[in-house]
2 protein chains.
Amino acid sequence: MARAATTSDVFNAIAEPRRRQIIDLLGSNGDQAVNDLVGALRLPQPAVSKHLHVLRRVRLVSASRRGRHRVYRLNPKELKTVHDWVKHYERFWTHQISRIKERAEQRARESHTQPPEPPRSKSQTQEQP
Amino acid sequence: MARAATTSDVFNAIAEPRRRQIIDLLGSNGDQAVNDLVGALRLPQPAVSKHLHVLRRVRLVSASRRGRHRVYRLNPKELKTVHDWVKHYERFWTHQISRIKERAEQRARESHTQPPEPPRSKSQTQEQP
DNA sequence: AGATTGTATTCCCATAAGAGAATATGTCAA
DNA sequence: TTGACATATTCTCTTATGGGAATACAATCT
């Protein structure tokens, strides 16, 4: 199997930095026509249209005609999926107290799931990628 | 140019559902050896090793030898990048009050950036992808 | 040393990507 | 109509993916 389509998922759609940039622009400046985004992103128009196409497939944006322009609007609710997933890990970097607590729980989990193995001569080694 | 490498970025790394699953497993069950993950994911071992390789490249996990096992540990701090980005949009779905406020601000932004265009015969049309 | 277990790496394949260039479609204006 | 403008679609190309299968490497046991 190849990599999942960018349109298969919000996670895949926002993996592309340009698309996050588009989201940010629509979020901070409000609705925009394609050419406004082209100007801001300094990217050829077809590229922008293609990115918008992906974002529309996953419903992160919606489009409406306005004269000859096509105005895009952010639909931020679709980002909730991402937020919901990643917020579980928020506690790991927020407050010192939570972090200390986390480490204790971590150790507890380890001692539950990892029954002490027989002693080993060469013990654990930290590795770099 | 092709799509950015999965190892180029935390965003790209977590686009793959299996890798998010691995992160979740390491997060909830604590450190795990590869075979533990293989059992939980019901995926061939090489596949798991490859996903772990990607996660290690972006520092989402670290590995250490323990006898013949290789134990992987989650490094959740790397998810902060994602959280920081997506939390800007949190207000859009949390409380009703914020939402109403947001809509007002949105309208304000629009009236600033979009000078009223000449009247149009066929007015705006909502479109589906 | 040889066998066994745990994990990583390599090779092949089908699929899709994003960029660039060219072109098609759609809408208003004279 | 013709033409200009705004946007979308289609083509080609290079590159990377993730799965499967086979194999390589590493550590321990007998």
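Numbers restart at 1 for each chain; the letters A, B, ... are given by sequence-line order, proteins then strands. These figures come from a predicted structure and were not determined experimentally. Computation of the quantities below employed the complete heavy-atom set of this structure, encompassing side-chain atoms and omitting hydrogens, waters and symmetry-equivalent molecules.
- Across A:L25 and A:Q32, no two heavy atoms sit closer than the pair O-NE2, 4.2 Å.
- When all heavy atoms are compared, the tightest approach of B:A63 to B:R56 is CB-NH1, 3.8 Å.
- Using a 4.0 Å cutoff on non-hydrogen atoms, the parts of residues 39-51 of chain B near DNA chain C are B:Q45, B:P46, B:S49, B:K50, ordered by number.
- We find that CZ of A:R20 is positioned 15 Å from C1' of C:dG18, with the value rounded to whole Å.
- If you take CG of B:L52 and P of C:dT7, they are 10 Å apart, rounded to a whole angstrom.
- Contact check, B:H53 against C:dA8: no side-chain N or O comes under 4.0 Å of OP1 or OP2.
- No donor-acceptor contact under 3.5 angstrom links the side chains of B:D36 and B:Y72, judged on distance only.
- Side-chain polar atoms of B:H51 and B:R18 form no donor-acceptor pair below 3.5 angstrom.
- B:L37 places its CG atom 10 Å from the P atom of C:dA8, with the value rounded to the nearest Å.
- In this structure, A:S8 contributes its side chain and A:A4 its backbone to no donor-acceptor pair below 3.5 Å.
- Regarding B:Y72, its OH atom lies at a distance of 9 Å from the P atom of C:dT7, rounded to whole Å.
- Within the structure, a side-chain polar atom (N or O) of B:N35 is placed less than 4.0 Å from OP1 or OP2 of C:dT7.
- No close placement of the A:W93 and A:Y89 rings is indicated, their centers lying 6.0 Å or farther apart.
- In this structure, the CZ atom of A:R56 is 12 Å from the C1' atom of D:dT9, given to the nearest Å.
- Of the possible polar contacts, one joining the A:N12 side chain to the B:A15 backbone as a donor-acceptor pair under 3.5 Å is found.
- Across every non-hydrogen atom of B:T81 and B:E78, the tightest pair is OG1-O, 3.4 Å.
- Nearest approach of B:V10 to B:V58, heavy atoms of both residues: CG2-O, 4.3 Å.
- For the contact set between residues 1-18 of chain B and DNA chain D, defined by any heavy atom under 4.0 Å, the members are B:A2, B:A5, B:T6, B:E16.
- Summarising the geometry, the separation between CG on A:D36 and P on D:dC5 is reported as 17 Å, rounded to the nearest angstrom.
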